[in-house]
**Student:** 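I have a structure here, written as structure tokens, and I will follow up with some questions on it.
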There are 2 protein chains.
Amino acid sequence: MSELKPGRSFVSAQQVAELAGVSRSAVSRTFTDGASVSETTRKKVLEAAETLGYHVNHLARSLIHEDSGIVCLIGADINTPYHSRLIDAITRRLQAINRVAMVINTSGDTDSVEAALRQTLNYRANATVVLSGTPPTSLINTCLNSGQHVILINRDDHLDGPENISVDNAAAAREAFHMLHRAGSRRIAVVSSQAGTPSLVARERAFETAAGEAGLDVTITRAGPTGYGAGFEAGRLLLSGSHRPDAAFCVTDLLACGFMDAARVEFGMNVPEELCVVGFDDIEQAGWASYQLTTFRQPIVQVADHITMLLDGEDPLRQRGGSVSFHADPVWRRTVRPK
Amino acid sequence: MSELKPGRSFVSAQQVAELAGVSRSAVSRTFTDGASVSETTRKKVLEAAETLGYHVNHLARSLIHEDSGIVCLIGADINTPYHSRLIDAITRRLQAINRVAMVINTSGDTDSVEAALRQTLNYRANATVVLSGTPPTSLINTCLNSGQHVILINRDDHLDGPENISVDNAAAAREAFHMLHRAGSRRIAVVSSQAGTPSLVARERAFETAAGEAGLDVTITRAGPTGYGAGFEAGRLLLSGSHRPDAAFCVTDLLACGFMDAARVEFGMNVPEELCVVGFDDIEQAGWASYQLTTFRQPIVQVADHITMLLDGEDPLRQRGGSVSFHADPVWRRTVRPK
DNA sequence: GGGCTGCTTGCACAAATGTGCAAGGACTGA
DNA sequence: TCAGTCCTTGCACATTTGTGCAAGCAGCCC
């Protein structure tokens, strides 16, 4: 008879079995879907489990099945509106298919990325979703070699092993140019940040190309690390000169908010009369009355749905290395002149 | 000789031992701090591990120690600026002390809270941090009975078992009143939401009391579920009447942003000349040029530090049921008239 | 009642790891 | 060179769970 420690420590199946007067196998089978247990013993077991407060140990269970039920989300800047919404959507859907998310924050030192991916392997995560940033290819290969399922989001360099889910940045950026061009803008600035994320670079490039095809030159400004501050600074730099732009494509909504604030507060400009602005992401603040930003909606729901689809499939490894791209639809608000 | 599967599946210590020509115990000891291994075997083991891509299985390790290294963060509305910053800070510090965060999202259905806490127990989480919301007391007791370490953040009802970390909402709300009162405001509105979170209620109450002591009546408006939309709606309701308030204490910065936008966009009012506003949380947007909101700073860093301190202590259970309260300092910006 | 069928149940083993214990080996001092 | 000491190492058992296999048992049909 094993010793019962009522208050502390976790209850094991052995203790439940002893209280219920059955074998430990019976307890195990009671909590295993599709196992063969009679209704009477099932009842005894459930009652004993309730009394003792028993909860199946998923760690031990994962030793046997290869499925730990853990999915790692790794990313930097997770307090950003876009990222936090993405994490919100993914965690919610993962829970719906009985997985649980381990969030690994790679902000700060660069070594932390390596340590983070090691955690992924240590906990035998079912899959690793790389939300952003630029983890070295070697580390991704480490995961792949260990049989890990790797899902990359918004890395436009399409690697072979992992699954790629991306947004059609190029198409959206082209559309952004045409929106501004059609509105009559001819001196268009591109506002970006020093982050150098693949998606940001893709948006810059595609916009520049589309402008070139229309015979326009654009200047790309990268005034700070990321976000609102960089946008504000870019606005201060670009609008203080004598040759002011009449429109800006900001590769991120946060940049756009900063840019607009600089234009209005520092220079008293009117948007969209004197300055048109287009953003990207469609964060919550883009819809606020102070901004009413015309932008492109990140297909967050589709991305989250696709991830769960990949993980919930009967054979999650069947289409390894596949690539999916979702469209970012324009959201018309008030920062681009109509017609 | 166990079969080597090079590409797929995870590598076990047994395989490393065979390649290195030592016993499995030696492998185990190589990866255990403080265990006795000679330098030569350690080298052989590390080399073999590197070759095969071995990573210690934390799930199996956790079967032996009671320490799984997993900390559950459970909360709703995790895409909110305040919550995402809190999660950012906590995950970062947890990683620094070699723990990893499991994020459980309790937005949506109410049953999900129960399922979430079960996950906590299933994975033998080292501790459960309840970020917000109002999980039933019975579920918290379930965790405590299983020997779980429970840490509640910003629940002003101080329960016995769990650790409580809170913000001194009452003191800040009193200070908010005096800020507005000293600025000459006499018709002060309190803007809140229908969320009914303990912290929000505490702020409402304390402000009301302080106003009452100064001989002023305040009306509390709860115009929507939460956030910006509720603040905007409250602004529309309160400012359309003939008896406009000349100041508002918004129990959340998001509410304050919505309220200010309604005042300016819908009614063309000037802040702070015609209307003073004080918020709470000091989210990033409060510092944006469009708002420059005077508010109270959530002690996010202190809270995160305290959590890690509790978990990293030699005996994490030593001061069970302790309560700590941090002060929320005022951040003066431009939405309250000076002097 | 006997034989057959099918469900239930316990035993024993599997999964990957940490660790006490005893044995072995190397080194030192006399 | 021998005894003693200390470090290293392998064996075996521990952690918690799932499951194949065989035995047991009930029920049913002839």
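Just so it is clear, the structure is predicted and the values come from calculations on it, not from any experiment.
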**Student:** Could you tell me if B:Ser166 and B:Asn164 have a donor-acceptor pair between their side chains, going purely by distance under 3.5 Å?
**Tutor:** no
**Student:** Starting at atom NE2 of B:His58, determine the distance to atom P of C:dG18, rounded to an integer number of angstrom.
**Tutor:** 9 Å
**Student:** In whole angstroms, how far is the C1' atom of C:dA16 from the CG atom of B:Asn57?
**Tutor:** 6 Å
**Student:** Roughly how far, to the nearest 0.5 Å, is CD of B:Gln298 from OG of B:Ser199?
**Tutor:** 7.5 Å
**Student:** Between B:Ser28 and C:dG18, does any side-chain N or O lie under 4.0 Å from OP1 or OP2?
**Tutor:** yes
**Student:** Under the side chain to side chain donor-acceptor pair (under 3.5 Å) test against A:Arg93, which residue among A:Asp88, A:Thr308, A:Asp305 passes?
**Tutor:** A:Asp305
**Student:** B:Asp33 has an atom CG; how far is it from atom C1' of C:dG18, in whole Å?
**Tutor:** 13 Å
**Student:** Between B:Ser25 and A:His55, which is nearer to the 5' end of DNA chain D once each is assigned its nearest nucleotide?
**Tutor:** B:Ser25
**Student:** Between C1' on D:dT8 and NZ on B:Lys43, what's the gap in Å once rounded to a whole number?
**Tutor:** 18 Å
**Student:** Calculate the interatomic distance between A:Phe10 atom CZ and D:dT17 atom P; express it in whole Å.
**Tutor:** 11 Å
**Student:** Less than 4.0 angstrom between a side-chain N/O of B:Tyr54 and OP1 or OP2 of C:dT17, yes or no?
**Tutor:** yes
**Student:** Which one, D:dT15, C:dG18, D:dT17, comes nearest to the side chain of B:Leu63?
**Tutor:** D:dT15
**Student:** What about B:Ser23, does its side chain sit under 3.5 Å from the base of D:dC11 through a donor-acceptor pair?
**Tutor:** no
**Student:** Roughly how many Å is it from CZ in B:Arg29 to P in D:dA12, rounded to a whole number?
**Tutor:** 14 Å
**Student:** To the nearest 0.5 Å, how far apart are OH in A:Tyr123 and OG in A:Ser62?
**Tutor:** 12.0 Å
**Student:** Round to the nearest Å and state the distance from A:Ile64 atom CD1 to D:dT15 atom P.
**Tutor:** 15 Å
**Student:** Of all the nucleotides listed (C:dT19, C:dA15, C:dA12), which has the minimum atom distance to the side chain of A:Arg24?
**Tutor:** C:dA12
**Student:** Look at the side-chain N and O atoms of B:Ser38 and state whether any lies under 4.0 Å from the OP1 or OP2 oxygen of D:dT9.
**Tutor:** yes
**Student:** Report the distance from atom CZ of A:Phe31 to atom P of D:dT16, rounded to the nearest whole Å.
**Tutor:** 16 Å
**Student:** Under the criterion side chain to side chain contact (heavy atoms under 4.5 Å, CB included), I'd like the reasoning laid out for B:Leu121 against A:Tyr54: C-alpha separation, chi angles, the key distance, then a yes or no.
**Tutor:** CA-CA 9 Å; B:Leu121 297 168; A:Tyr54 172 71; over 6 Å; no
**Student:** Give A:Val37 one of three labels, base, sugar-phosphate or nothing, depending on what nucleic acid heavy atoms sit under 4.0 Å from its own.
**Tutor:** sugar-phosphate
**Student:** For D:dT9, does either OP1 or OP2 sit under 4.0 Å from a side-chain N or O belonging to B:Thr41?
**Tutor:** yes
**Student:** Measuring to OP1 and OP2 of C:dT8, would you say a side-chain N or O of A:Ser36 lies under 4.0 angstrom away?
**Tutor:** yes
